[in-house]
*Asks:* 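First the structure, then my questions, so here it is.
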Amino acid sequence: MNIKSKELIYVSLCSVIIIICSWISIPMAIPFTLQTFGIFLTLKILGGKLGTLSILIYIFLGILGLPVFAGFKSGFAALAGPTGGYIVGFILTSLVIWIFENLFYKNKLGFFLLSIFGLILCYIFGTLWFVKVFIGPNGSINFTSALKMCVIPFVIPDLIKIFFAYFIGEKVSKTLKIDNK
């Protein structure tokens, strides 16, 4: 992978954007962060290859112990915990976009369809992980209950985040003259 200095700076900055978005929590009945917004903004600005690298850096920093995950969590334990599968699922999301971006990512509809497909993969992987790892006061949890708790409340906010990530990412890419394809 041949990365230019300018691209390395953008990758680093997007990792920081993901970190900052992970720290921002929106108080609702079930609070949510802007982490997925940061992921999709990164993928819109950088494309799949460099976006994947930026996401991997974000995760690696968290594994090293820097408090980069939601709620200022860090370490391998945070990643191996019940919600760690959703973080690992971001890699699946970025890989889907990397693999298919040349075919479908060039227009607005392609971005939204690939982003939604990547988000669904992230949801499935994260929920399966959650079911495997979670032990609550009443014991383990089934897939349907995990979906109701971990996915359903976040679908509409995540779709809104994808929408804003597209338009903000489009502006940033044009302003910085980044060719992410």
*Asks:* My understanding is that only one of Ile17, Ile18, Ile24 makes a side chain to side chain contact (heavy atoms under 4.5 Å, CB included) with Ile20; could you say which?
*Replies:* Ile24
*Asks:* According to the interplanar angle, ranging from 0 to 90°, do the rings of Phe40 and Phe111 count as parallel (below 30°), tilted (30 to 60°) or perpendicular (above 60°)?
*Replies:*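 Judged by the thresholds at 30° and 60°, the geometry between Phe40 and Phe111 is perpendicular.
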*Asks:* Show the nearest heavy-atom pair for residues Lys161 and Thr33, with the distance to one decimal.
*Replies:*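 Closest pair (atom of Lys161, atom of Thr33, distance): NZ-O, 2.7 Å.
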*Asks:* Within a 6.0 Å radius of atom CZ on Phe125, are there more than 12 heavy atoms belonging to other residues, nucleotides or ligands?
*Replies:* yes
*Asks:* Hey, is the main chain of Glu170 close enough, under 3.5 Å, to the side chain of Ser173 for a donor-acceptor pair?
*Replies:* no
*Asks:* Can you check whether Ser22 reaches Val68 side chain to side chain, under 4.5 Å on heavy atoms?
*Replies:* no
*Asks:* Rounded to the nearest 0.5 Å, how far does CG of Leu41 lie from SG of Cys21?
*Replies:*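 Here the interatomic distance stands at 7.0 Å.
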*Asks:* When the aromatic ring centroids of Tyr166 and Phe112 are compared, is their separation below 6.0 Å?
*Replies:*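 That pair passes the under 6.0 Å test.
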*Asks:* Is any side-chain heavy atom of Gln35 less than 4.5 Å from a side-chain heavy atom of Tyr86?
*Replies:* no
*Asks:* Other residues, nucleotides and ligands only: do more than 12 of their heavy atoms fall within 6.0 Å of CZ on Phe76?
*Replies:* no
*Asks:* Do Cys122 and Leu92 come close enough that some side-chain heavy atom pair is under 4.5 Å?
*Replies:*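 The answer is no; the side chains never approach within 4.5 Å.
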*Asks:* OG1 of Thr127 to CZ of Phe134: how many Å apart, nearest 0.5 Å?
*Replies:*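 These two atoms lie 12.5 Å from each other.
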*Asks:* Once you round to the nearest 0.5 Å, how far does CD1 of Ile91 lie from CG of Leu56?
*Replies:* 5.0 Å
*Asks:* Got Tyr10 and Lys4 here, is their nearest side-chain heavy-atom distance under 4.5 Å?
*Replies:* no
*Asks:* Would you say the side chain of Lys171 lies within less than 4.5 Å of the side chain of Ile168, judging by non-hydrogen atoms?
*Replies:*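 Answer no - side chains too far apart.
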*Asks:* Using the rule that Ile, Leu, Val, Met, Phe, Trp and Tyr join whenever any side-chain heavy atoms are under 4.5 Å apart, tell me whether Val16 and Phe37 fall into a single cluster.
*Replies:*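 Hydrophobic grouping puts Val16 with Phe37.
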*Asks:* Okay, side chain of Trp98, backbone of Gly51: is any donor-acceptor separation there less than 3.5 Å?
*Replies:*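 No, the answer is negative, given that no donor and acceptor are paired below the 3.5 Å cut-off.
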*Asks:* Hey, does Thr83 have a side-chain heavy atom less than 4.5 Å from the side chain of Ile87?
*Replies:* no
*Asks:* Side chains of Asp158 and Phe32: closer than 4.5 Å at any heavy-atom pair?
*Replies:* no
*Asks:* Please check if Ile9 and Ile55 belong to a single hydrophobic cluster, counting links between Ile, Leu, Val, Met, Phe, Trp and Tyr side chain heavy atoms closer than 4.5 Å.
*Replies:*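 Hydrophobic grouping puts Ile9 apart from Ile55.
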*Asks:* Side chain of Lys44, backbone of Ile162: donor and acceptor closer than 3.5 Å?
*Replies:*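 Side chain of Lys44 to backbone of Ile162: no pair is present.
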*Asks:* Are Ile59 and Val88 packed together at the side-chain level, in the sense that at least one heavy-atom pair is separated by less than 4.5 angstrom?
*Replies:*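 Ile59 vs Val88: side chains apart.
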*Asks:* Would you say Phe163 ends up clustered with Ile45 if hydrophobic residues are merged whenever their side chains have heavy atoms under 4.5 Å apart, either directly or through other cluster members?
*Replies:*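 Yes, Ile45 and Phe163 fall within the same hydrophobic cluster.
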*Asks:* Treat each ILVMFWY residue as a node, draw an edge where side-chain heavy atoms are under 4.5 Å apart, and state whether Ile120 and Ile99 are in one component.
*Replies:* yes
*Asks:* Which distance, rounded to the nearest 0.5 Å, do you find between the OG1 of Thr93 and the CD1 of Ile97?
*Replies:* 6.5 Å
*Asks:* Roughly how far apart are Leu8 CG and Ser54 OG, rounded to 0.5 Å?
*Replies:*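 Atom-to-atom, Leu8:CG and Ser54:OG are 10.0 Å apart.
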*Asks:* Taking the six-membered ring for Trp, are Phe69 and Tyr58 parallel (under 30°), tilted (30 to 60°) or perpendicular (over 60°)?
*Replies:*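 Perpendicular, since the angle between the ring planes exceeds 60°.
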*Asks:* Give the cluster check for Phe164 versus Leu109: same hydrophobic cluster or not, with ILVMFWY residues linked at side-chain heavy-atom distances below 4.5 Å.
*Replies:* no
*Asks:* What's the spacing between Leu64 CG and Leu61 CG if we round to 0.5 Å?
*Replies:* 6.5 Å
